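A short worksheet on the structure shown next.
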Amino acid sequence: MTDIRFDPSQADGRWQRAWDEARCFEADSNSDKPKSYVLEMFPYPSGRIHIGHVRNYTMGDVLARYKRMTGHEVLHPMGWDAFGMPAENAAMEKGVHPAGWTYENIATMKAQLQRLGFALDWSREFATCDPEYYGHEQALFIDLYEAGLVYRRKSAVNWDPVDQTVLANEQVIDGRGWRSGAVVEKRQLDQWFLKITAFAEDLLAGLGSLDDWPEKVRLMQENWIGKSQGLQFRFDLSNGETIEVYTTRPDTIFGASFVAVAPDHPIAQQVAMGNCDAAKFIEQCKRGGTTAAELETAEKLGFDTGIGARHPFTGEYLPVYIANFVLMEYGTGAIMAVPGHDQRDFDFATKYGLPIVRVVAASAEAADAPLTEAEAGDGVLVNSGFLDGMNVADAKRAVIDRAQSEGWGEGKTVWRLRDWGISRQRYWGTPIPFIHCEACGVVPVPKDQLPVTLPEDVDFKTPGNPLVRHPTWKHVDCPKCGAAATRETDTLDTFVNSSWYFLRFASQPADQPFDAAEVAKWMPVDQYIGGIEHAILHLLYARFWTRALAHIGKLDVKEPFASLFTQGMVTHETYRAGDGSWLSPGEVRKNGEDWIRISDGQPVTAGRVEKMSKSKKNVVDPDEIIARYGADAVRWFMLSDSPPERDLPWSEAGIEGCGRFVQRLWRLVQQYDANATGEDKALARKTHQAVAAVADHIEALAFNKAVAKIYELTSAAEKAAPSADRSRAIRTVLLLASPMMPHLAEEGWRALGESGLVANAGWPEVDPALLVEDEVTIAVQVKGKLRDTLTVAKGLPQPELEALALASEKVQRAIDGAPVRKVIVVPDRLVNIVA
RNA sequence: GCGGGUGUGGCGGAAUGGUAGACGCCGGGGACUUAAAAUCCCCUGAGCUUUGCUCGUGCCGGUUCGAGUCCGGCCACCCGCACCA
């Protein structure tokens, strides 16, 4: 009672140690409580924790702590997605070893997370670069290989000739390597692939069962998988050959007025050999930009090959063009073009004066209505021979049936999804556990020789993959025939590491990747929380791995994440000096209505509220704010105000307000009197209502609303006179706030005379009888406009309510003598008088 | 272009078709203090002829006794994908 301020600088660490010593948050796989697996996307150890991590992990933490309080056995683990390019970049730039750099970052970031007091099971921590982890990954990879889900083929890669390395598409900027600036070459290399397309149908269908995923993410995945159904068929060409095209609109076949092939289509290449204009045109197409803006404005261009394609129904010959808008990677790289019903074909036909024929119309009478643009909608087939009069769906089926019975085409499903290329010509990744033998070919490393570990004595001074030029590492004997052989020097895409880590968190036997029975107890993850940037790749790959492992009998779940939540970013206002340079929040201050630079008083322009980024200097450092306000205030801020799926604007005033509330709650706890007597029925009601509301809000992840309810109960308890109910209210508010402000809650729990940890306390019970009010405020409207309010006993019968409302002076004035035509009474809510 | 989302005070945001603006921030006034910090109390959508009235949830219309909420049509901004046949 003497020290009225709560001091996080000494309390935070003390309670963090107490939880540690009590091993509060270690999950027990043998518990018979209902399980709850709460998982946030594990971080890449880039160096320091970002404020976005703080928000992400705070949300998960509140849920995890709440679930513990409501009697669940909670698995809430943390680890490190530790392989990746930044470690190699650091090695090249600073001469440090990727492993050393990574593990140092992990130590730093772990300490940062611990300062926030997260209820994490650190006993299960691992980094994906630990040989124990990636060794198991290698074993799983071999299992998938043996099940036929892994294969090798030649594939084009972006090759940086200076850095001697393969670049991801994002690392190629304007055709040049992002680091070296060298012009990137396309090279054909033997690459490893995972057969994700074998699960395309299932991955698509599975989306339907993910009711607790954001609609947006499901749609993004659906588009990515990109299923389309149509007809693949052959045109006989005037030069005696045939060409395969694919269409999703076989119904419009009578409207086809030309055929178009991609510039890299074999036919285009063949034409180019004998025709230098064609060759020039193809060159020109390749020079075209690939950025979104360029594509949008790109003009449709074509080159008439002079070849004709015989229409399977009319026998007419259609011209074959090479066209810049046709993609080799999709379908067959060739299309039948129907200008009347496809906008791209329409634009092209208009430019080159090709026929535009209507074959779908609103009605048979509108068969010759002019087309001013392509019409893609449904309707009745016209100008289409035997299809006339059919609707689009029937016509599609009819054409496919004819093509199949006559043998010139077949119904086909085409996917946008490609197999997953997982070869990376890099050092800092999971070595692909295979050996190349001249006699035996590709041979998996025997499992008893796993893990294939990375050599430590590597240098990054010379460009290229250190695994390739290491003097000894790759030289091994073939496990099959014993002859001299070489190891695969590619490593696995880092997305593989994050495709099964949640299984390893659930079960960590030494001799296998996971124990199926133990995993079955924890999976699926009940709540997964992370950024929207992983909406497609990570989540799709994890869904694929789970299916693939189920396919080979290692698992019994298909969908790894039952419920997904994507949180918004933390944003901050930006500041610029007169010369346009960015200024950090610490360099500026508000001067009346304006902003000025602290150092010289010069005016500063306050700009948009944007995602925090180092380049714009609008960042805040979690360590600094924790040191200044304590972990609880920071956590509270992360949950307040903005709904969790939306962006959260960071503000100095906001965090100060949170700091004030921490102290306010602390002062309230000091007023707790275990011996207080007497009732306060109204406060008791508010208390119980708050317990129910906060629980509902946390379960819905509506943390901002939960926070508002805690504020309300706090205010009510502050204002109340001492009573037994007030003491209960104070105790309750502390429990409700404990998932959000665990340190203050522990300190307060002691102040209340409790000896255990609030981390082990139960969620307060709710008395349903106290959830309902005995008095209600009734709105009294006249013609829908509020004129008065009445406070009456709950459940007052309609006639009495009506009489009370009509007796109101304000109501009578509003009616002004007009006859009452109708009275609408909503019990316990309102009376509306229509006069 | 396609798909999705969002529009409510000075700001972040609440609101099962039923009292719009909960809660927080900012701001204003007051109390305490020699003073400040801290804390506490009050006010705080706009306007007006201020016991009260009118207007007000991006815009236009509709349904309804009653619309921020439902329906139709627009507008703006944000995000994702993008020449996918």
Side-chain angles (χ1 to χ4, degrees), chain A residues 4-5 214-220 222-224 226-228 230-231 245-250 252 260 262 288 291-292 294-296 298-300 323-327 329-338 341-345 347-348 376 414-416 532-533 535-536 571 590 593 609 636-637 640-643 645-658 660-661 663-664 667 702 704-712 714-715 718-719 777-790 809-810 813-814 821-826 828-835:
Chain A
I4 204 76
R5 283 191 72 79
E215 180 68 17
K216 181 190 172 85
V217 175
R218 290 192 309 202
L219 273 163
M220 284 165 78
E222 188 180 323
N223 291 337
W224 187 262
K227 180 181 186 177
S228 70
L231 171 70
V245 302
Y246 176 74
T247 178
T248 55
R249 294 294 304 274
T252 62
T291 67
E294 283 170 314
L295 281 176
E296 196 172 347
E299 197 182 355
K300 304 272 178 290
N324 65 345
F325 69 93
V326 180
L327 304 174
E329 307 82 56
Y330 188 78
T332 62
I335 60 166
M336 73 162 192
V338 183
H341 304 280
D342 181 290
Q343 192 58 42
R344 293 156 300 173
D345 300 349
D347 295 343
F348 191 92
V414 167
W415 303 87
R416 211 192 79 107
I532 187 71
E533 66 274 16
I536 298 175
T571 58
K590 200 153 193 187
E593 283 297 287
V609 174
W636 190 252
F637 183 89
S640 304
D641 296 349
S642 287
E645 68 278 10
R646 282 204 221 163
D647 289 350
L648 171 67
W650 174 266
S651 80
E652 205 58 40
I655 182 69
E656 276 168 18
C658 293
R660 275 200 298 275
F661 181 68
Q663 298 302 336
R664 198 175 139 199
R667 282 193 302 275
N704 56 323
K705 296 185 211 169
V707 161
K709 284 288 165 195
I710 292 172
Y711 272 116
E712 279 182 48
T714 303
S715 293
E718 281 171 343
K719 290 187 177 78
T777 307
I778 305 280
V780 182
Q781 300 179 334
V782 176
K783 288 194 278 190
K785 279 190 192 299
L786 182 73
R787 293 299 166 184
D788 202 358
T789 57
L790 301 170
E809 201 182 309
K810 291 170 183 170
R813 207 178 322 135
R821 285 188 289 146
K822 196 173 173 187
V823 180
I824 287 119
V825 180
V826 182
D828 296 335
R829 288 223 77 126
L830 70 72
V831 180
N832 188 12
I833 294 158
V834 187

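In what follows, chains are A, B, ... by sequence order, proteins preceding strands, each numbered from 1. What you see is a predicted model, and the numbers here were worked out from it, not measured in a lab. As a basis for the values below, the full set of heavy atoms in this structure was taken, side chains included, without hydrogen atoms, waters or symmetry mates.
- At B/A85, one or more side-chain N or O atoms of A/Ser228 fall inside 4.0 Å of OP1 or OP2 (strictly under the cut-off).
- Distance from the side chain of A/Pro643 is smallest to B/G13 among B/G13, B/C26, B/G18.
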Given the rule in the side chain to side chain donor-acceptor pair (under 3.5 Å) test, do A/Arg646 and A/Thr571 qualify, once you have shown the distances and angles that lead to the verdict? CA-CA 10 Å; A/Arg646 282 204 221 163; A/Thr571 58; over 6 Å; no
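- For the pair A/Lys300 and A/Phe325, the cation sits on the ring face: its NZ or CZ lies under 6.0 Å from the ring centre, inside 45° of the axis.
- The nucleotide B/A35 finds no pairing partner, because no Watson-Crick or G-U wobble arrangement with both distances shorter than 3.5 Å includes it.
- Mapping A/Ala779 and A/Lys783 onto RNA chain B by nearest heavy atom places A/Ala779 closer to the 5' end of the strand.
- Applying the 4.0 Å criterion to OP1 and OP2 of B/A38, one finds that A/Arg667 has every side-chain N and O outside that range.
- In this structure, of B/A85, B/C65, B/C23, it is B/A85 that holds the atom nearest to the side chain of A/Val326.
- Out of B/A85, B/G4, B/C55, the shortest distance to the side chain of A/Lys785 is found at B/C55.
- Of the side-chain N and O atoms in A/Arg660, one or more sit less than 4.0 angstrom from OP1 or OP2 of B/C26.
- Contact of A/Arg787 with B/U19 (side chain to base): no donor-acceptor pair of N or O atoms is detected under 3.5 Å.
- With rounding to the nearest 0.5 angstrom, the CG atom of A/Leu786 is 10.0 Å from the CG atom of A/Asn832.
- Within the 4.0 Å cut-off from OP1 or OP2 of B/C65, not a single side-chain nitrogen or oxygen of A/Arg821 is found.
- If you check B/G7 for Watson-Crick or wobble pairing at under 3.5 angstrom, you find it paired to B/C75.
- Of the listed nucleotides (B/U19, B/A85, B/C65), B/A85 has the atom at the smallest distance from the side chain of A/Tyr330.
- Across all strands shown, B/G1 pairs with B/C81; the Watson-Crick or G-U wobble distances both stay below 3.5 Å.
- The two atoms that bring A/Ile778 and A/Leu830 nearest to each other are CG2-CA, 3.6 Å, heavy atoms only.
- Side chain of A/Lys216, nearest nucleotide from B/G18, B/G4, B/A22: B/G4.
- Ring planes of A/Phe661 and A/Tyr711: tilted class, angle from 30 to 60°.
- Remark: B/C55 base-pairs with B/G45. Criterion, Watson-Crick or G-U wobble with two distances under 3.5 Å.
- Classification of B/G9 as syn follows from a glycosidic angle within 90° of 0.
- Closest approach to the A/Arg646 side chain among B/G52, B/U6, B/A85 is made by B/U6 (side chain taken as heavy atoms from C-beta onward).
- Looking at heavy-atom distances under 4.0 Å, A/Leu219 makes contact with sugar-phosphate atoms alone, never a base.
- Closest to the side chain of A/Val834, from the set B/C41, B/C65, B/A82, is B/C65.
- Between B/G12 and A/Lys705, no contact under 4.0 Å exists linking OP1 or OP2 to a side-chain N or O.
- To the nearest 0.5 Å, atoms CD (A/Glu809) and CG (A/Asp788) are separated by 9.5 Å.
- Nucleic acid contact for A/Tyr246: base, since at least one base atom lies under 4.0 Å from a heavy atom of the residue.
- At a threshold of 4.0 angstrom between heavy atoms, the contacts of A/Asn832 include nucleobase atoms, whether or not backbone atoms are also involved.
- Residues A/Ile335 and A/Asp345 are in side-chain contact: their nearest non-hydrogen atoms beyond the backbone lie under 4.5 Å apart.
- The side chain of A/Asn704 places an N or O atom within less than 4.0 Å of a non-bridging phosphate oxygen (OP1 or OP2) of B/A14.
- Contacts of A/Gln781 with the nucleic acid, taken as non-hydrogen atoms under 4.0 Å apart, include base atoms.
- Under 3.5 Å, the side chain of A/Lys300 and the base of B/C83 form at least one donor-acceptor pair of N or O atoms.
- Counting non-hydrogen atoms under 4.0 angstrom, A/Val826 reaches a base of the nucleic acid.
- For the OP1/OP2 pair of B/C84 and a distance below 4.0 Å, the side-chain nitrogens and oxygens of A/Lys227 include no atom meeting the criterion.
- Partner assigned to B/U19 is none, using Watson-Crick or G-U wobble distances below 3.5 angstrom.
- The side chain of A/Leu327 approaches B/C84 more closely than any other nucleotide in the set B/C84, B/C65, B/G12.
- At a threshold of 4.0 angstrom between heavy atoms, the contacts of A/Ser642 are confined to the sugar-phosphate backbone, with no base atom among them.
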